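Accompanying notes for the structure given below.
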Amino acid sequence: MTALKLQNSLTRKKEDFKPIDPAHVRLYACGPTVYNFAHIGNARMAVVFDLLADLLRSLYPKVTYVSNITDIDDKIIAAARETGRPCDEITCKYADIYNRDMAALGVKTPDVQPRATTHIPQMIALIETLIAKGHAYEGQGHVLFNVPSFPAYGGLSGRSRDDQIAGARVEVAPYKRDPADFVLWKPSTPEQPGWDSPWGRGRPGWHIECSAMAQEHLGLPFDIHGGGADLKFPHHENEIAQSCCAQGQLKDLSAFAKFWVHNGFVTVNTQKMAKSEGNTRLVHDLLQQYDGETLRLALLSAQYSQPLDWTENLLQQTQKTLERLYQSLRELADITPEKNSDQHDNPILEALCDDLNTPKAIAALGHLARKAAQTRAPFDKAALLAGANLLGVLQQDADAWLGYGQPANDVDAAKIENLLQQRQDARKAKNFARADEIRQELTEMGIAIEDTPSGAVWKKL
RNA sequence: GGCGCGGUGGCAGAGUGGCCAUGCAGAGGACUGCAAAUCCUCGUACCCGGGUUCGAUUCCCGGCCGUGCCUCCA
């Protein structure tokens, strides 16, 4: 069996993946805060870890993939104030949209998709443990994690406590013992969402939810923790601090998660995508114009840890690539796929096992498509389909995807068939001028004709 | 300032100490009444300067350029 290698942010090395328990692999990835439509950066994270979860499933008997939804956060509160809608209405709405958009990209719902607001007791318990062990303290209704109490702090990002405060942009609040300390719990005003706690009515800080939910649904330590590269610091660093300290593990940063995997950022025309730049690309909008598979393949066109530049050109190239793949599938429509007995070494599986090398995998898919087209062998078709499944593409009907037999807007199929018949007659009579005239007529209707040995077929342009 | 990443053909994007990435675009050919689709073939690609080596795009050193994080962010 091919061995999986992953770039581990914690050790900064590409390592062989060895599960803690080969009978049950456990994966966690930080999901979105739901206060707006998902953008293509959110989608990259979702697609990458969906792919990783799938890969693990093909390698191990049981995999649990947990990815959270953050539904309590100051940005959500701000959105509620702006729109005049309650927080839970906003979070339900956008969580729903998120899941629908991701489904369109072929992303399966994670095995567990926990929400922060349904894990408040677990967070409170975790905070109490941290206080009891001397890693956290209360001040003016806040509870803070005391960074100097964890000497190993900063090991993931390679940043020391001093580095963190050197920027001097961390909030220096009067209730902090150390400038680097971060909030575990904060008080809520009566109109803000809040929960009763030993420290009064309040709400959790950002980092504690992931520590609590990962522990609740996976147990500690677990195998792989993922998320966007920007989360490495401070979010993931703080998660490690909380979870390690709560377990009394002051030295071993891998006592929370063994492997840390970070996906790179998406830029738009080489510019950072940010609300402030006004260049966010929403999945919801892109789906109006492109098929979900096109977006998925475009997101996988660069290896996950590399930056990915999102451009119109990328989408068009990707769409063409997909068209060609579907075309080869169409040529093989009459072949019944059949697995070959010695088909263990799937080149796409092999590429993905090399730190999720999706460009290599896509290249391999191209090879398989060509090979299958040449040999028309049942096992070559099976290999192509197996590879495509692994990548989550070519999941649709080829004819439909390519537009064969699909009438264009306000053109009915009967009319097309009629013209096609007339053209056939003209061709039979060697009246090619008339045949070309009909072709032109159909082109203007948005219909293309292709002559095949078994007669003419048409498709939507 | 601290930590990190990257510079590969027209574009996207892998990879390797000596031979092929792949896709898109482009050129030629087969096929076709024409076309489309498909198949075949093709392009003297690896930022600059040193070093190691029989041989470096690939390893080492230096430089130039670009970029991410350090503040909410996928």
Side-chain angles (χ1 to χ4, degrees), chain A residues 9 12 29-33 35-36 38-49 67 73-75 78 154 156-160 162-171 206 226-235 237 262-267 270-276 280 297-309 311 313-325 327-328 330-331 351 354 357-367 369-370 373-374 402 404 426-427 430-433 435-436 439-440 443 448-453 456-459 461:
Chain A
S9 303
R12 295 173 186 77
C30 290
T33 302
Y35 65 104
N36 203 339
H39 54 64
I40 201 68
N42 294 309
R44 188 179 196 192
M45 169 265 148
V47 167
V48 164
F49 290 101
S67 187
D73 175 274
D74 286 359
K75 288 190 294 291
L156 175 68
S157 56
R159 233 182 296 265
S160 67
D162 294 341
D163 288 336
Q164 186 184 178
I165 60 177
R169 284 195 281 184
V170 288
E171 185 192 4
W206 174 34
D230 58 319
L231 259 38
K232 198 188 276 187
F233 186 91
H235 183 56
E237 202 70 80
H262 290 98
N263 66 274
F265 254 50
V266 178
T267 53
T270 74
Q271 297 298 301
K272 176 176 171 161
M273 182 174 69
K275 251 188 169 172
S276 52
T280 45
L297 197 63
L299 285 169
L300 295 175
S301 67
Q303 198 261 357
Y304 76 89
S305 64
Q306 296 301 124
L308 175 70
D309 195 34
T311 62
N313 187 245
L314 170 70
L315 288 169
Q316 258 150 41
Q317 282 192 187
T318 306
Q319 193 166 41
K320 287 283 186 60
T321 302
L322 215 41
E323 256 168 43
R324 190 178 156 275
L325 289 168
Q327 197 69 245
S328 17
R330 190 168 173 275
E331 311 256 321
D354 182 14
N357 191 335
T358 48
K360 208 196 223 175
I362 294 168
L365 195 63
H367 278 133
R370 177 163 305 177
Q374 284 169 340
L402 293 165
Y404 283 97
R427 288 181 73 211
K430 305 268 183 206
N431 184 357
F432 295 122
D436 290 346
R439 176 192 288 285
Q440 183 57 33
T443 303
I449 317 166
E450 291 176 22
D451 292 318
T452 73
V457 296
W458 51 276
K459 70 170 179 177
L461 280 173

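A, B, ... follow the sequence lines: proteins, then strands. Residue 1 opens every chain. Since this is a predicted model, take the numbers as computed values, not measurements.
Every side-chain contact (heavy atoms from CB on, under 4.5 Å) that A/Gln319 has, sequence neighbours left out, goes to A/Tyr290, A/Thr294, A/Glu323, A/Trp401. Applying the salt bridge (Lys or Arg N to Asp or Glu O under 4.0 Å) test to A/Lys272 and every residue at least two apart in sequence or in another chain returns nothing. Considering only residues two or more places apart in sequence or on other chains, A/Ala363 meets the side-chain contact (heavy atoms from CB on, under 4.5 Å) condition with none of them. Annotation: ring pair (Phe, Tyr, Trp, His ring centres under 6.0 Å) contacts of A/His262 (sequence neighbours excluded): A/His236.
Counting atom types as modelled, A/Asp451 pairs a side-chain N or O with a base atom of B/rC34 as donor and acceptor under 3.5 Å. For B/rA35, its base sits under 3.5 Å from the side chain of A/Arg439 at one donor and acceptor pair at least.
Contact annotation: A/Trp458 side-chain N/O to B/rA36 OP1/OP2 distance is not under 4.0 Å. Contact annotation: A/Gln374 reaches the phosphate of B/rC40 (side-chain N/O to OP1 or OP2, under 4.0 Å).
When distances are taken from the side chain of A/Met273 to each of B/rC39, B/rA74, B/rG13, the shortest belongs to B/rA74. Side-chain proximity of A/Ala435 to B/rA74, B/rG33, B/rU22: nearest is B/rG33. Set against B/rU38, B/rA21, B/rA14, the side chain of A/Ala363 has B/rA21 as its closest nucleotide. Side-chain atoms of A/Glu450 lie closest to B/rA35 of the nucleotides B/rC69, B/rA35, B/rG13. Nearest nucleotide to the side chain of A/Glu331, out of B/rA37, B/rC73, B/rA14: B/rA37. Among the nucleotides B/rC73, B/rC70, B/rA21, the one closest to the side chain of A/His367 is B/rA21. With distances taken from any side-chain atom of A/Arg370 to the nucleotides B/rA74, B/rG33, B/rG23, the minimum falls on B/rG23. Closest to the side chain of A/Arg427, out of B/rC34, B/rA74, B/rA14, is B/rC34.
Residue A/Asp436 is in base contact, counting any heavy-atom pair closer than 4.0 Å across all strands shown. Counting any heavy atom pair closer than 4.0 Å across all strands shown, A/Ala448 reaches no nucleic acid atom. Residue A/Val48 is out of contact with every strand shown, counting any heavy-atom pair closer than 4.0 Å. Among the heavy atoms of the strands lying under 4.0 Å from A/Gly41 is at least one base atom, whether or not backbone atoms are also near. A/Ser305 comes within 4.0 angstrom of no nucleic acid atom, judged by non-hydrogen atoms across all strands. Within the 4.0 angstrom heavy-atom criterion, no nucleotide atom of any strand lies near A/Lys459.
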All N/O contacts under 3.5 Å from nucleotides 59-61 of chain B to the protein, with atom names and distances to one decimal?
none

Provide a list of protein-nucleic acid N or O atom pairs under 3.5 angstrom, restricted to nucleotides 24-30 of chain B.
from	atom 1	to	atom 2	distance (Å)
B/rA25	OP1	A/Lys320	NZ	3.3

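Residue ring and nucleobase are stacked for A/Phe265 and B/rA74, with a centre distance beneath 5.5 angstrom and an angle between planes beneath 30°.
Of the N and O atoms on the side chains of A/Thr270 and A/Asp309, not one donor lies less than 3.5 Å from an acceptor on the other residue.
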